Amino acid sequence: MRGLGQEKKSAFYSACLEEEFQVLVEGWHSEERGIGRGMSDNYLPVLFVSSQDLNGRLVAMRMERVEHNMLVGSIARRS
């Protein structure tokens with residue numbers, strides 16, 4: 001059952017790639033490396049690179065890849 005659960009989770013995370021989500025920034029994952037962490041509006045854990053402290057902000061992010069059971073995103077650029 002755990003294996004099936006992991007397969008389903010991986011498939012769902014992969015389906016979110018190239019999509020944009022609102023992410024509530026929860027703080028630093030690694031402040032020294034400028035990596036923030038947050039939770040998407042559909043409850044997915046997200047890591048992202050940032051040069052500033054965005055803690056407590058809701059930020060639009062585009063999901064780019066899956067690493068270690070987390071999504072890695074980048075702050076969406078608005079035109």
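Computed from a predicted structure; not experimentally measured.
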- Please report the closest heavy-atom contact between Q22 and A60, naming both atoms and the distance. NE2-CB, 3.5 Å

- Minimum heavy-atom separation for L54 to V25, with atom names? O-CB, 3.3 Å

Find out whether [X] and [Y] are in side-chain contact, i.e. whether some heavy atom of one side chain is under 4.5 Å from a heavy atom of the other.
{"X": "I35", "Y": "W28", "value": "no"}
{"X": "M61", "Y": "F21", "value": "no"}
{"X": "L71", "Y": "L17", "value": "yes"}

- Query: Salt bridge between E7 and K9, side-chain N to carboxylate O under 4.0 Å?
  - Reply: no

Rounded distance (nearest 0.5 Å) linking atom [atom1] of [X] with atom [atom2] of [Y]:
{"X": "E19", "Y": "N42", "atom1": "CD", "atom2": "CG", "result": "10.0 Å"}
{"X": "E31", "Y": "S50", "atom1": "CD", "atom2": "OG", "result": "10.5 Å"}
{"X": "F48", "Y": "M63", "atom1": "CZ", "atom2": "CE", "result": "9.5 Å"}
{"X": "S74", "Y": "E20", "atom1": "OG", "atom2": "CD", "result": "9.0 Å"}

- Single-linkage hydrophobic cluster, 4.5 Å side-chain cutoff, V72 and I75 together: no

- Hydrophobic cluster identity match, F12 and L47, side-chain contacts under 4.5 Å: no

- Task: Applying side-chain contact (heavy atoms from CB on, under 4.5 Å) between V46 and each of L24, V59, V23, report the one that passes.
- Result: V23

- side-chain contact (heavy atoms from CB on, under 4.5 Å) with P45: which of H29, R37, E26, M70? M70

- Give a yes or no answer on whether the side chain of R62 reaches the backbone of E18 with a donor-acceptor pair at less than 3.5 Å. yes

